[in-house]
Structure formats: structure tokens, C-alpha cells
Amino acid sequence: MARPQILLTEEQCREVETLAALLNQDQIADYFGIARNTFRAICERDEEVLERYKRGKAKAIAHVANGLLQEARAGDTTSAIFYLKTQAGWRETAPPEASATTEPSNARDALSKLLDKIAAQRQRIGMAEPCAQIAADTPESEAHER
């Protein structure tokens with residue numbers, strides 16, 4: 001005799017979206033006290049559960065990426081480098097034609113232009129640009145120091 005299918009309640013379905021921001025599928029299964037394979041099977045047969053899981057993951061990624069972009073635009077070099085490596089294909093090695101004596105101001109200008117381009121693309125796809133307020137609040141003299 002086959003086991004009865006385990007179904008998530010409507011409340012549990014909503015909870016999947018919240019949990020997905022913090023946990024992977026195996027951890028969510030553990031949270032609900034069901035077998036990991038069972039949770040994966042639920043996701044396969046119930047589109048709503050899978051969509052809520054994906055939406056929760058996407059929201060969390062967008063939130064973290066937005067914070068990272070804010071830090072990069074505010075002048076945090078580590079954040080800028082990480083963002084450019086993961087989103088713009090930057091690598092540790094310089095191309096052969098690059099000069100080792102590149103002026104820091106030129107590098108800053110290039111980074112600033114690239115970040116502006118990324119911000120413009122984010123606005124085109126409907127992602128909010130909360131870091132515009134940071135730029136507006138930054139005194140002109142401080143902005144040139146970066």
C-alpha cells in the first residue's frame with residue numbers, strides 16, 4: 001500500500017517563501033520535519049510551493065545585491081571589486097595591453113562610470129535605486145576624495 005502524499009498547508013506554503021531567504025531545500029524539509037526527498041517531491045508536483053521557494057530566494061539575493069551595490073557606490077573598494085568580479089567578469093590578471101602605471105583617478109573614473117551604467121540598467125529593469133540618496137547627501141569635496 002502506497003504512503004499518502006504529504007501536502008503543505010496554505011500557511012506552510014507562505015512560510016516556504018520566507019524560509020527560502022535563509023535556508024536551502026534540505027533545511028526547509030528539516031524545519032517542517034519531513035524527509036528531504038519528500039520536500040523535493042512536493043516542489044516537483046506543486047508549482048505554487050516551487051514558485052514561492054524561488055521567489056523567496058530571488059528576493060533575498062536581490063536584497064543582498066542591492067546592499068552590495070550601495071556599498072560599492074559609496075566607495076567601498078572591496079565591495080566594488082567583488083561586485084565587478086561576479087557581475088562584470090573582472091579577473092585578477094590584467095590584460096596584456098594594460099599598463100602597470102594606471103593613474104588611480106583614471107581607475108576611479110572608470111569604476112564610477114561602470115557603476116553608473118549598472119545602476120542605469122537596474123533602473124531600466126525596475127529595481128529601485130536607493131543609493132541615489134547617498135550620492136545626493138555626499139558633499140562635493142568628499143565625493144572628489146574617493
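In what follows, every heavy atom counts, from backbone to side chain, and hydrogens, waters and symmetry copies are set aside. In what follows, residues are counted from 1 in the order of the sequence shown.
From I61, atom CD1 reaches atom CG of L68 across 13.0 Å, with rounding to the nearest 0.5 Å. Put simply, CD1 on I81 and CG on L84 are 8.0 Å apart, with the number rounded to the nearest 0.5 Å. For the atom pair T38 OG1 and Q5 CD, the distance stands at 10.5 Å (nearest 0.5 Å). Once rounded to the nearest 0.5 Å, the distance linking CD1 of I118 with CD of Q87 reads 7.5 Å. In this structure, CG on D30 lies 9.0 Å from CG on L23, to the nearest 0.5 angstrom.
A distance-only check finds a donor-acceptor pair linking the side chain of T86 to the backbone of F82 [under 3.5 Å]. Although no hydrogens or angles enter the test, the distance criterion places no donor-acceptor pair under 3.5 Å between the side chain of K57 and the main chain of A21.
Looking at heavy atoms from C-beta onward, L50 lies out of side-chain contact with E44 at the 4.5 angstrom threshold. Taking the side chain as every heavy atom from C-beta outward, F32 and L19 approach each other to under 4.5 Å. Side-chain contact between Q25 and R40 is present, with at least one heavy-atom pair separated by less than 4.5 Å. Counting only heavy atoms from C-beta outward, the side chains of L8 and E48 never approach each other to under 4.5 Å. Within the 4.5 Å cutoff, side-chain heavy atoms of W90 are placed close to those of L114. The side-chain heavy atoms of I6 and F39, taken from C-beta on, include no pair separated by under 4.5 Å.
Across R73 and L115, no two heavy atoms sit closer than the pair NH1-O, 3.2 Å. For A35 against A29, the heavy-atom pair with the smallest separation is O-CB, 3.8 Å. Closest of all the heavy-atom pairs between V16 and I28 is O-CD1, 4.3 Å. Residues L7 and R45 approach most closely at CD2-NH2, 4.1 Å, considering heavy atoms.
For E15 and Y31, the side-chain atoms include at least one donor-acceptor pair closer than 3.5 Å.
Taking the side-chain hydrogen bond (donor to acceptor under 3.5 Å, both in side chains) definition, one finds that D76 meets it with S79, sequence neighbours left out. Every side-chain hydrogen bond (donor to acceptor under 3.5 Å, both in side chains) that K59 has, sequence neighbours left out, goes to E17.
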How far apart are the C-alpha atoms of T78 and Y83, what are their side-chain angles, what is the distance that settles it, and do they pass the side-chain contact (heavy atoms from CB on, under 4.5 Å) test? CA-CA 8 Å; T78 304; Y83 188 87; over 6 Å; no

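Under 4.0 Å is where a charged nitrogen must lie from a carboxylate oxygen, and between E10 and R52 at least one such pair does. A salt bridge does not link R55 to E51: none of the charged nitrogens lies less than 4.0 Å from a carboxylate oxygen.
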